[in-house]
Amino acid sequence: MMAWLSINFHVLIATLKKLAKAPFSSFFSICVIGLALSLPTGTYVLLENLESVARTFASPPQISLFMAKDASHVDVSEIEKRLKRDPSVDHFRFVSKEEALKRFQQDSEFSDVAANLATNPLPDAFVVLAKQSRDLESMSGTMKGWPKVEHVQLDSDWVRKLDSFLNLGRTAAVILAAVLGAALVFITFNTIRLQILTQKDEIEVAKLIGATNTFIRRPFLYLGALQGLAGGAAAWLIVAAGLYFLNGGILELARLYSTKFALANLDMRESLLLFLFSACLGWLGAWLSVTRHLWQIDSV
Amino acid sequence: MISFKSVGKRYGGFEALKHVSFSIKKGEMVFVAGHSGAGKSTLLKLLAAIERPTSGSIHLGDQDIGRLKQSAIPYLRRKLGLVFQDHKLLYNRTVFENVALPLQISSFDPRESASRIRAALDKVGLLGREKSRPVELSGGEQQRLCIARAIVNRPSILIADEPTGNLDSEYSEVIMDMFRSFNQVGVTLLISTHDEAMLEKLKPRIITLHQGELAS
């Protein structure tokens, strides 16, 4: 175990030295990987921010159901029964016209108007919370057909539209991540292939004097993983720089609307995931590249 | 220890070796002689599993080398010391690093390897050149470096392909003396050569090849 650790440590140091020895070509490959990864990362960050904004405005999946003015107690209890039976209803609350009027009167803005009312113009109403927001549409459709129901209002229509937009965005981010992750594998495959070509003799000699494929593969795997990791870090920096400049404008805008808002970068967990993801893809690209080369040697 | 049984090797339509059978006992020093193209290199390559035989079998101890799995070949080669005609040195590494390579490959304890490497360099007379690069060495010195790399793992079998091929007679003799001293400490040697003058002088056991066949 100690021997294994010591070998890996030495290979790691040697690989870092190798990267440092060719700073320009390392820098360029890292930049290319960084740019490729910054696109899905940036998309993800923007979506996360949009979602957190949406969450502050979001109301629960709620429907307001207004009874007809001439609805009797019997009609109201009929609706109540139906709501109790409906499996997509999470819970509901009855707001009687008296309660509604009282609230209306308490609201300072309208207290003058309310005081002058001769009769109560407000209907009985139910506030219904659905279990899932995607059921709202069909629920309101059914409720409109119920007897003595005057009006059904979806309170969170725009939130659901935003939700589906965000879902679309998330799918797009995943596709971007898949495509550009594949690009990372190919980029690494190629840089490692070039590296292998410069070390062809070393590989041949090492094999001739008893090196296993694992031994030959190891430094290249480290190189690929480190390059991927550095590319992930570059993507993080690109996104952070982009957010910094965007936030300059957003702060200005937020002040005009007298709110406080700034775009947030990836949190700790997400950043670590990004680094892990990019390192693994780099490792994979390197593995494919060396394995292909070794396979070509062995099959001679 | 080493036995070839009716070994044949064909490259496309060309038969490099035909029905070659012989055996070598532990501690022997055997020369493979013959003209260029007689199959000497092929024979040595088969023993190190660099090539696979087309027919027959090759045994080292109880291992069937011709049928060795790809993954077992590295471990076979670690038991052998290989000296190549074209040296196969790494020109971007120092003399010391070249000799260190086999030890790194077999994950030898790095703390002990420095003394091993110096001992091997001392045996071939290159102790003062540790920090040199192979290009700074003469042809004979490069060959000695290749030998140092072959013996640093202390193999029980040393295989040398034309080790004196490009050297003048004075250098050749130095190298042959080295091989004899390895043999005296029990190393089995298999050396190919077309240097008949040297064979004349040493009078060792000789396996002569003629157009891929054993000549009696």
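Note on naming: letters A, B, ... go to the chains in the order of the sequence lines (proteins, then strands), and numbering restarts at 1 for each one. Keep in mind that the numbers below use all heavy atoms, side chains included, and drop hydrogens, waters and symmetry copies.
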Open item on the list: Gln104(B) vs His10(A), test: side chain to side chain contact (heavy atoms under 4.5 Å, CB included). Steps then yes/no.
Closed with: CA-CA 10 Å; Gln104(B) 287 166 359; His10(A) 277 107; over 6 Å; no

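For chain A, no part of Tyr91(B) is nearby; none of its heavy atoms comes within less than 4.5 Å. Both the backbone and the side chain of Leu208(A) come within contact range of chain B, each with at least one heavy atom under 4.5 Å from a heavy atom of that chain. In this structure, no portion of Arg52(B) lies under 4.5 Å from any heavy atom of chain A.
Remark: Tyr11(B) OH is packed, more than 12 non-hydrogen atoms of other residues, nucleotides or ligands lying under 6.0 Å away. Residue Lys5(B) qualifies as open at atom NZ: its count of foreign heavy atoms under 6.0 Å is 12 or below. Heavy atoms of other residues, nucleotides or ligands lying less than 6.0 angstrom from NE2 of His59(B) number more than 12. Atom CD of Gln211(B) has 12 or fewer neighbouring heavy atoms from other residues, nucleotides or ligands inside a 6.0 Å radius. The local environment of NZ in Lys131(A) is crowded, with over 12 non-hydrogen atoms from other residues, nucleotides or ligands closer than 6.0 Å. In Phe186(A), the CZ atom is not crowded: 12 or fewer heavy atoms of neighbouring residues, nucleotides or ligands sit closer than 6.0 Å.
The two residues Ala206(A) and Ile105(B) make their nearest non-hydrogen contact at O-CD1, 3.6 Å. Closest of all the heavy-atom pairs between Arg77(B) and Lys207(A) is NH1-O, 2.8 Å.
A distance of 10.0 Å separates CD1 of Ile209(A) from CZ of Arg78(B), quoted to the nearest 0.5 Å. Rounding to the nearest 0.5 angstrom, the gap separating the CG atom in Asn92(B) from the CD atom in Gln199(A) is 8.0 Å.
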